[in-house]
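Taking it in order: structure first as structure tokens, then the write-up.
Excluded from the calculations below are hydrogen atoms, water molecules and symmetry mates; all remaining heavy atoms, backbone and side chain alike, are included. Please read all numbers here as calculations on a predicted model, not as lab measurements.
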Amino acid sequence: MTEEQQVNSRLEELRNMTPQQRSGAVCRAAGLPERALQALTDAPALPINTANGMIENVIGTFELPLGVATNFTVNGRDYLVPMAVEEPSVVAAASFMARIARANGGFHTHSTDPVMRGQIQVLRVPDPHGGRQRLLEARDRIVAASNQCDRVLVGLGGGCTDIEVHLFKNTAAGPMLVLHLLVDVRDAMGANAVNTMAEAVAPLVESIAGGEVRLRILSNLADRRLVSARVELAPETLGTGDREGAEVAQGIVEACALAEVDPYRAATHNKGIMNGIDPVVVATGNDWRAIEAGAHAYAARSGRYTTLTRWEIGAGGGLTGSIELPMALGLVGGATRTHPAAQAALRLMQVETASELGEVVAAVGLAQNMAALRALATEGIQRGHMALHARNLAIAAGAVGDQIEQIARTMAETGEVTADRARALLEAGPG
């Protein structure tokens with residue numbers, strides 16, 4: 001490990017600093033030069049000419065607040081985690097839960113190889129069972145033809161490694177075969193590589209199967225590219241001012257139990273997980289829509305939508321939380337290479353592979369889920385959230401500078417966190 005990678009994610013009093021002071025403190029904690037994260041504080045972080053080359057019909061850029069979640073220890077290593085998000089309490093909740101986890105040894109993660117699926121749909125095969133067997137018998141030819149498309153990926157140790165062939169008998173389009181290319185995409189998200197392969201080998205697949213190819217495209221249900229994270233917590237570290245840690249741990253388990261059996265609760269439960277995951281994905285220039293699609297599809301893989309996490313009480317009374325989900329992230333290609341702020345965010349994280357990035361992101365999702373369940377099992381979700389939401393209301397009312405904190409604090413203390421109250425306090429002035 002190089003000197004640049006010696007990170008300390010435990011930062012004191014970060015919330016009481018100015019943004020400029022925080023940027024300096026984060027650089028020092030990450031072992032980076034003082035101006036290493038300049039792209040995160042420049043206005044705009046994304047130059048209009050760069051934006052114009054990224055998408056069509058550009059008229060400007062749209063910014064989100066970018067914060068840093070602290071206290072994260074994953075597999076024994078500290079990480080400072082950039083999060084681009086507009087919702088109050090997300091960064092604070094993740095950081096606080098990471099602090100509790102840190103005292104218990106941090107998060108432990110694991111990931112499978114970065115294998116993505118490319119689907120090739122074949123219609124009007126006169127003998128679909130026979131066609132399926134012909135494709136399976138031609139496995140080596142199909143794999144070799146796929147790998148001709150991307151010699152660089154193959155040279156890096158990736159490429160198409162295998163195929164699957166699925167038969168669907170009763171569809172609106174009649175019987176169909178769907179061939180899956182299984183492609184190790186290494187440190188890429190993989191969409192471009194997989195789509196190129198699927199289109200290139202489609203004529204070969206068509207001729208072998210004896211039908212007509214239609215769709216040739218990546219699947220975002222990346223169930224061969226899974227990441228899991230686990231945390232084990234001593235009950236006493238979960239206690240609050242008025243509740244014992246064991247009671248809180250039991251409350252977390254019982255709150256999760258509803259999400260396991262009820263899709264109405266599971267949707268909100270998993271949304272809370274994505275509150276932690278999406279901001280890191282956005283900050284690093286990755287495709288948050290692909291991550292969302294894969295996560296929710298994976299949560300419904302049994303035929304019933306359920307939770308992505310599990311919380312249990314172990315034999316010794318400790319609380320164990322775990323998460324498993326697809327994580328199709330990249331360090332190369334796309335906005336990760338073109339967006340200056342995304343490059344700075346990745347430099348801050350100091351991850352070396354896309355799999356490592358995915359593991360940290362999964363840990364953040366588990367921390368965010370722990371924060372939500374802990375709040376639900378104790379004081380309720382609104383108390384902490386509304387205290388932070390008060391700042392947004394103060395800003396919307398027209399408060400500036402020190403007025404923001406003064407008005408937000410007064411509303412939080414009285415429990416009257418409304419737009420009308422913010423305006424009234426602003427009009428009343430100091431005192």
| task | Apply salt bridge (charged side-chain N to carboxylate O under 4.0 Å, His left out) to Glu244 and list each qualifying residue two or more places apart in sequence or on a separate chain. | result | none
| query | In terms of side-chain geometry, is the basic nitrogen of Arg10 or Glu12 positioned less than 4.0 Å from the acidic oxygen of its partner? | reply | yes
| query | Are the side chain of Thr70 and the backbone N or O of Ser95 linked by a donor-acceptor pair below 3.5 Å? | reply | no
| said: Parallel, tilted or perpendicular, judged at 30° and 60°: which one describes the rings of His166 and His180? | reply: tilted
| field | His108 NE2 to Ser228 OG distance, which is reported to the nearest 0.5 Å | value | 12.0 Å
| Hey, does Arg225 have a side-chain heavy atom less than 4.5 Å from the side chain of Val185? | yes
| Charged N to carboxylate O below 4.0 Å: is that the case for Glu292 and Lys271? | no
| query | Charged N to carboxylate O below 4.0 Å: is that the case for Glu232 and Arg230? | reply | yes
| task | Output yes when a side-chain donor or acceptor of Asn195 lies under 3.5 Å from a complementary backbone atom of Leu218, and no otherwise. | result | yes
| query | Short question: side chain of Ser9, backbone of Phe72 - any donor-acceptor pair under 3.5 Å? | reply | yes
| said: Would the distance check show the side chain of Arg22 and the main-chain N or O of Leu14 forming a donor-acceptor pair, the cut-off being under 3.5 Å? | reply: yes
| field | N/O donor-acceptor pair under 3.5 Å between Asn71 side chain and Arg102 backbone | value | no
| query | Any donor-acceptor pair under 3.5 Å linking the side chain of Asn104 with the backbone of Ile100? | reply | yes
Contacts under 3.5 angstrom, residues 41-69 side chains, donor-acceptor by atom type, not counting sequence neighbours:
unit_1	atom_1	unit_2	atom_2	d
Thr41	OG1	Gln38	O	3.1

| Just one of Val248, Ile252, Leu319 clears the side chain to side chain contact (heavy atoms under 4.5 Å, CB included) bar with Leu233, so which one? | Leu319
| Salt-bridge contact Arg77-Glu356 (side-chain N to carboxylate O under 4.0 Å) | yes
| said: Check whether Asn286 reaches the backbone of Leu329 with its side chain - one donor and one acceptor, N or O, closer than 3.5 Å. | reply: no
| query | Nearest 0.5 Å, what's the CE-CG distance between Met176 and Leu215? | reply | 8.5 Å
| request: Quick one: pull up OG in Ser23 and CZ in Arg28 and give me the separation to the nearest 0.5 Å. | output: 9.0 Å
| field | Reported SG-to-CE distance for the pair Cys256 and Met370, which is rounded to 0.5 angstrom | value | 13.0 Å
| query | So, Gln403 side chain and Val400 main chain: donor-acceptor pair closer than 3.5 Å or not? | reply | yes
| said: Contact between Ile323 and Asn369 at the side-chain level, heavy atoms closer than 4.5 Å - yes or no? | reply: no
| task | Report the distance from atom CG of Leu393 to atom CD1 of Ile407, rounding to the nearest 0.5 Å. | result | 10.5 Å
| query | Taking everything shown except Arg301 itself, do over 12 heavy atoms lie less than 6.0 Å from its CZ? | reply | yes
| message | Applying salt bridge (Lys or Arg N to Asp or Glu O under 4.0 Å) as the test, list every pair that has at least one member in residues 176-201; sequence neighbours left out. | response | Asp184-Arg186
| Do you know which two heavy atoms are closest between Thr336 and Gly330, and how far apart they sit? | CG2-O, 3.6 Å
| task | May I ask you to decide if Arg289's main-chain N or O and Asp287's side chain share a donor-acceptor pair within less than 3.5 Å? | result | yes
| request: Measure from the side-chain N and O atoms of Arg216 to the backbone N and O of Met197, and report whether any donor-acceptor pair falls under 3.5 Å. | output: no
| Between CG of Leu226 and OG of Ser355, what distance do you get to the nearest 0.5 Å? | 11.0 Å
| Basic-acidic side-chain contact under 4.0 Å: Asp223, Arg117 | yes
